[in-house]
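To start, the structure under review is shown below, and the notes come after it.
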Amino acid sequence: MRLVIAQLKHETNTFSPVPTPLARFAHGTPAPLEGPAVREAFKGTGTAIGAFIDLAEQAGAEAVYPIAGNAAPSAPVDTAAYEFMAGRIVDAVAKGCDAVLLDLHGAMVTRAHDDGEGELLGRLRRIAPDIPIGVALDMHTNLFPAMGRLATVIAGYQTYPHVDMYETGLRAGKAILSKAKPVLAFGHRPMLPHVMRQSSLDSPNKEIQARAREMERQGALAASFFVGFPHADIPYAGSSAVVVTDGDAAKAQALCDELLDMAWKAREKFVYQVEPLEKSLLRAKEAGGSTSGRPVVLLDHYDNCASGGTMDTMAVLGAILDAGLEEAAAFAICDPQAVEQMKRAGVGARVTLPLGGKLDMPALKLKGKPRSVTGNVRRIVNGIYRNEGPMARGELADMGASAVLDTGKVEIAVISRHVEPHDIGSFRALGIEPEKKRYLMLKSRVHWRAGLGALARATVECAGEGVCTSDYSQLRFNRVRRPVYPLDPEARPSV
Ligand SMILES: [Zn+2]
């Protein structure tokens, strides 16, 4: 048996000004990995492709690895990057194989295609119309009908924070490699859940994902509810579901509809209410007033680089500096120019530099606003570390050249490549001890809870500035299908 195993992951924020060239899909190397290097990098990691590798080896299959690319979310993918990576996968399948296992995100928009995954599957189907294709997808998939029609099996993450990537790979791969006859049903509801209300640790997604897992215990090969990724102005942004059964199409459709109905009934609970930043700072200050250990987390959720944020807006960090909060750390400002300046000054030097605000955000009609910050250069590192888990355990993370700027009150991590703080490794690599801080600013929305949630004494969600805004009125949706809830409160499912 010959398997083609590949990874091609990007969550596209069509409002993001951050470019998406080929290099963004690589970690610690100039370009994405190809061939045996893919197996070396991902064998033993808590990722979907890590599960595919294990399944192939357990089956005694010959496996080829044309490409593994995974870029932090950003603007639509450059055409050259997409063509290079999709081309590698198509070429490998064209040489002949018995099945294909793909670790995709499911919300990839390219400069030429609204549905990067559907486009890839379409190209594969033209050369291999009957080959089983198993796909692992992120819970933030924006599912176009082509994906549902062209894949043999789809399995999505059932956790957010995503701590079941490996298990998702197992579900997608086993359904393909077993003797089952997978039939797949998919569907949509016209809703755009707010990311800040999507965690599977909280209601209503907690119950929906629990029901999906129960469906699998009761015999479904894979049951997935996708919350969707709302920061994409494309027709199929928003919620969907896919259920795969062994040969029972009617059952698959009924279970799929059940998941969608659960989500639709709970649609009001997926709406996030924004609090003004001044009020959030006051609450944070109050919560941090006592001397007991463990930090108060100030969540700068409008500028999360794992949702396409520039990771360089200074609104929340500026408010923290203005409020005079002490014993604080901030992760992170992505500003390669500032890192260079600190490297030139050297460890121990006192510097004043314009921090952050290097990128404009035309979709929000916002100009980048650097802020002058003075501090001591505490540390300079190369920024490469391995995730300790539970999310993407063992996978290499690459912050690029990174430094710590210490104002005396706030230790600010300044990095050169986008990495969301969801793993203690990001702090350890910089010599910052978050558990000893009184305040911790994180540019994240939900994933920080995977590796850092247990540290928090309290969490204060701070509405700053950025292209991951939870205020939909700041975003111009021209192409998403309408009506859609909550943009159109009167939206109803089509029958
Ligand atoms: Zn996701």
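Note that ligands are numbered from 1 as they come in the structure, with each ligand's atoms numbered from 1 the same way. Computation of the quantities below employed the complete heavy-atom set of this structure, encompassing side-chain atoms and omitting hydrogens, waters and symmetry-equivalent molecules.
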> Which is it for Arg479 and Asp233 under the salt bridge (Lys or Arg N to Asp or Glu O under 4.0 Å) test, yes or no, and what are the steps along the way?
Replying inline: CA-CA 5 Å; Arg479 303 188 55 235; Asp233 190 19; 6.0 Å; no

Restricting to N/O/S atoms, is [X] within less than 2.8 Å of the Zn ion (ligand 1) or not?
{"X": "His105", "answer": "no"}
{"X": "Asp138", "answer": "yes"}
{"X": "His162", "answer": "yes"}

> What's the spacing between Asp164 CG and Ser200 OG if we round to 0.5 Å?
Replying inline: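 The CG atom of Asp164 sits 7.5 Å away from the OG atom of Ser200.
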
> Taking everything shown except Arg476 itself, do over 12 heavy atoms lie less than 6.0 Å from its CZ?
Replying inline: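 For Arg476, atom CZ is not crowded (no more than 12 foreign heavy atoms under 6.0 Å).
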
> Which atom, counting only N, O or S, brings His140 closest to the Zn ion (ligand 1)?
Replying inline: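 In His140, the N, O or S atom with the shortest distance to the Zn ion (ligand 1) is ND1.
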
>> Under a 3.5 Å distance rule, please check whether Asn13 uses its side chain to pair with a backbone N or O of Ser74 as donor and acceptor.
In response: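 No, Asn13 side chain to Ser74 backbone: no donor-acceptor pair under 3.5 Å.
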
